[in-house]
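Report on the following structure.
We count residues from 1, following the sequence as given. These numbers were taken from a predicted model, which means no experiment stands behind them.
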Amino acid sequence: MLAKTFGCARVVYNDAIRLRQELYRQGEKISDTELQKRLITQAKLTDERKWLSEVGSVPLVQSLRNACLAFRNFFGSVKGERKGRKVGFPKFKKKHSTQSIQFTSNGFSIKSHSVYLAKIGCVRVKWSRDLPSAPSSVTIIKDAANRYFASFVCEVDPISLKAINDSIGIDLGLTTFATLSTCEKVLSPKPLAKSIKRLRRAQKQFSRKVKGSQRRESARRKVARIHARIKDQRTDFLHKLSTRIVRENQAIALEDLNVSGMVKNRKLARAISDAGWYSFRQMIEGKSIRYGRDFQVISQWEPGASH
């Protein structure tokens with residue numbers, strides 16, 4: 001049922017993108033309500049999409065809303081009305097990439113060792129931490145390595161913790177990931193560089209397999225598991241470092257880097273992507289809000305934090 005729900009949600013999302021593209025070429029507009037009526041309510045009555053009624057309606061509606069939000073973010077980014085990085089045109093979801101379905105409060109309930117999902121049943125979970133409050137929604141995620149996660153949206157209270165230091169400056173680099181104004185240097189773990197030989201070997205084996213065969217699917221999962229391990233190692237390092245910095249310092253100044261422009265350098269693109277600078281900045285910024293810290297991004301043309 002999980003696999004079926006993932007598939008139905010993916011189809012609804014892709015149908016929404018396809019229909020919006022067709023109507024846009026014809027110069028027509030469609031409301032979110034009409035889109036839901038055509039792609040879910042009326043689609044269930046057709047022979048082509050009647051199997052949509054076999055899964056819960058909540059994940060389908062949420063998938064459609066995500067597609068509409070993706071379009072609003074794209075047009076807002078094009079017009080300059082959306083803050084942050086530019087957002088590209090919505091892409092179709094693929095079967096073997098990360099899958100996700102979302103349930104609102106009326107579509108799930110929490111048990112001691114499981115989560116009940118509408119039309120799916122009780123799914124056993126291994127809790128990584130206690131929930132700080134009653135969740136308003138849950139997203140079930142299946143990554144490319146066939147691992148399953150449950151991500152809850154909860155309200156959290158700000159953390160009151162006295163800082164040890166008044167301020168700190170951070171200068172980012174490749175070999176030395178971060179040079180702090182306290183003269184401390186944090187080396188980069190370089191998870192991709194350490195696993196690149198193993199990854200290349202697995203990718204070669206995958207490319208040699210016959211398309212559609214069981215061995216090709218097994219080789220694909222092997223490549224995905226290596227990528228997942230690399231991502232987990234990088235995320236673990238960034239979380240631990242960002243948490244330590246935010247907990248210990250009241251004011252934090254971070255160097256602003258044009259990562260999207262720097263990765264165009266073919267010689268440095270892999271090393272820059274392996275470092276995870278932008279993710280580190282997002283973590284610092286988000287945790288600074290929760291801990292009540294002062295976070296500031298300084299221009300890369302100003303003297304670095306280490307100076």
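Just one residue in the list F149, F108, F6 forms a side-chain contact (heavy atoms from CB on, under 4.5 Å) with I140, and that residue is F6.
Counting only heavy atoms from C-beta outward, the side chains of L45 and K50 never approach each other to under 4.5 Å. The shortest distance between side-chain heavy atoms of V115 and C122 does not fall below 4.5 Å. Counting heavy atoms from C-beta outward, F89 and Q21 have side chains that approach closer than 4.5 Å. Residues I284 and I245 meet the side-chain proximity criterion, which asks for heavy atoms closer than 4.5 Å. Between L131 and I110, some side-chain heavy-atom pair lies under the 4.5 Å cut-off. Between K211 and R216, the closest side-chain pair of non-hydrogen atoms falls below 4.5 Å. A heavy-atom distance below 4.5 Å is found between the side chains of V61 and R65. In this structure the side chain of F92 never reaches within 4.5 angstrom of the side chain of R10, judged on heavy atoms.
Counted within 6.0 Å of CZ on R198, heavy atoms from surrounding residues, nucleotides or ligands total 12 or fewer; the atom is thus considered open. Heavy atoms from other residues, nucleotides or ligands lying under 6.0 Å from CD of Q26 number more than 12. Summarising the local packing, NZ of K44 is surrounded by more than 12 heavy atoms from other residues, nucleotides or ligands at distances under 6.0 Å. Within 6.0 Å of the CZ atom in R229, the count of heavy atoms belonging to other residues, nucleotides or ligands does not exceed 12. Within 6.0 Å of the CG atom in N106, the count of heavy atoms belonging to other residues, nucleotides or ligands exceeds 12. Counted within 6.0 Å of CZ on R215, heavy atoms from surrounding residues, nucleotides or ligands total 12 or fewer; the atom is thus considered open. The number of heavy atoms from other shown groups lying within 6.0 Å of CD (E34) is above 12. Within 6.0 Å of CD on E48 lie no more than 12 heavy atoms contributed by other residues, nucleotides or ligands.
K209 and A219 make their closest contact through CG-CB, 4.2 Å (heavy atoms, listed as atom of the first residue, atom of the second, distance). Heavy atoms only, all atoms of each residue included: R82 and S77 are closest at CB-N, 3.8 Å. Among all heavy-atom pairs drawn from L52 and A43, the shortest one is CD1-CB, 4.1 Å. Here the shortest heavy-atom pairing between S137 and Q102 reads OG-NE2, 3.7 Å. A pairwise comparison of heavy atoms in L35 and A16 identifies CD2-CB, 4.2 Å as the closest pair. Nearest heavy atoms, H96 versus Q99: N-NE2, 4.3 Å.
Residue pairs meeting the side-chain hydrogen bond (donor to acceptor under 3.5 Å, both in side chains) criterion with at least one partner in residues 184-193, sequence neighbours excluded, are E184-R244. Annotation: side-chain hydrogen bond (donor to acceptor under 3.5 Å, both in side chains) contacts involving residues 279-297, sequence neighbours excluded, comprise H239-K287, S242-K287, T243-K287, R247-Y291, Q250-R293, D256-R281.
In this structure a side-chain-to-backbone donor-acceptor pair under 3.5 Å is present from R234 to D274. Side chain of D143 to backbone of A145: a donor-acceptor contact under 3.5 angstrom is found. Formation of a donor-acceptor pair under 3.5 Å by the D171 side chain with backbone atoms of L180 is not found in this model. Of the possible polar contacts, one joining the K194 side chain to the P189 backbone as a donor-acceptor pair under 3.5 Å is found. A donor-acceptor pair under 3.5 Å links the side-chain atoms of S63 to the main chain of A9, judged by distance alone. Without hydrogens or angle criteria, S207 side chain to K204 main chain gives a donor-acceptor distance under 3.5 Å. Side chain of S273 to main chain of R270: no donor-acceptor pair is present (N/O by atom type, distance under 3.5 Å, no hydrogens or angles).
Separation of atoms CD1 (I196) and CZ (R201) is listed at 11.5 Å; rounding is to 0.5 Å. Between the CG atom in L172 and the CZ atom in F177 there is a gap of 5.5 Å [rounded to 0.5 Å]. Taking CG from L117 and OG from S109, the interatomic distance works out to 8.5 Å, rounded to the nearest 0.5 Å. The distance from the CG atom of L192 to the CD1 atom of I230 is 5.0 Å, given to the nearest 0.5 Å. Note that the NZ atom of K37 and the CD1 atom of I30 stand 10.5 Å from one another [nearest 0.5 Å]. Atoms NZ and CD, from K4 and E54 in turn, are 4.0 Å apart once rounded to the nearest 0.5 Å.
Y148 is connected to W127 through a chain of hydrophobic side-chain contacts under 4.5 Å among Ile, Leu, Val, Met, Phe, Trp and Tyr, so both are in one cluster. A chain of hydrophobic side-chain contacts below 4.5 Å, direct or via other Ile, Leu, Val, Met, Phe, Trp or Tyr residues, connects L174 to F237. Under the 4.5 Å side-chain heavy-atom criterion for Ile, Leu, Val, Met, Phe, Trp and Tyr, L238 and L254 are members of the same hydrophobic cluster. By the criterion of side-chain heavy atoms lying less than 4.5 angstrom apart, applied directly or through intervening Ile, Leu, Val, Met, Phe, Trp or Tyr residues, Y13 is not grouped with L2; the two fall into different hydrophobic clusters. If you chain together hydrophobic residues whose side chains sit under 4.5 Å apart, V55 and I101 fall into the same group.
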Let's go through I141 and T98 carefully: what are the C-alpha distance in whole Å and the side-chain angles of both, what is the deciding distance for side chain to side chain contact (heavy atoms under 4.5 Å, CB included) to 0.1 Å, and is it a yes or a no? CA-CA 7 Å; I141 304 167; T98 300; 3.7 Å; yes
Checking E255 against W277 for the side chain to side chain contact (heavy atoms under 4.5 Å, CB included) test, could you report, in this order, the C-alpha distance in whole Å, the side-chain angles of both residues, the deciding distance, and whether it holds? CA-CA 10 Å; E255 180 185 8; W277 289 336; over 6 Å; no
Passes side chain to side chain contact (heavy atoms under 4.5 Å, CB included), C8 versus L60? Steps please. CA-CA 7 Å; C8 291; L60 302 184; 3.8 Å; yes
Start with the C-alpha distance between K231 and H227, add both sets of side-chain angles, then the distance that settles side chain to side chain contact (heavy atoms under 4.5 Å, CB included), and finish with yes or no. CA-CA 6 Å; K231 180 183 177 182; H227 277 297; over 6 Å; no
Are R38 and D15 close enough, and set up right, to give a salt bridge (charged side-chain N to carboxylate O under 4.0 Å, His left out), and what steps lead you there? CA-CA 10 Å; R38 286 197 199 181; D15 284 349; over 6 Å; no
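Ring pair Y24/F75 is tilted by interplanar angle, where 30° to 60° counts as tilted.
Salt bridge annotation for E22-R18: absent, with no cationic side-chain nitrogen under 4.0 angstrom from a carboxylate oxygen. Using a 4.0 Å cut-off between a side-chain N of Lys or Arg and a carboxylate O of Asp or Glu, K240 and D236 qualify as a salt bridge. For D32 and R72, the salt-bridge test passes: some basic side-chain N is under 4.0 Å from an acidic carboxylate O.
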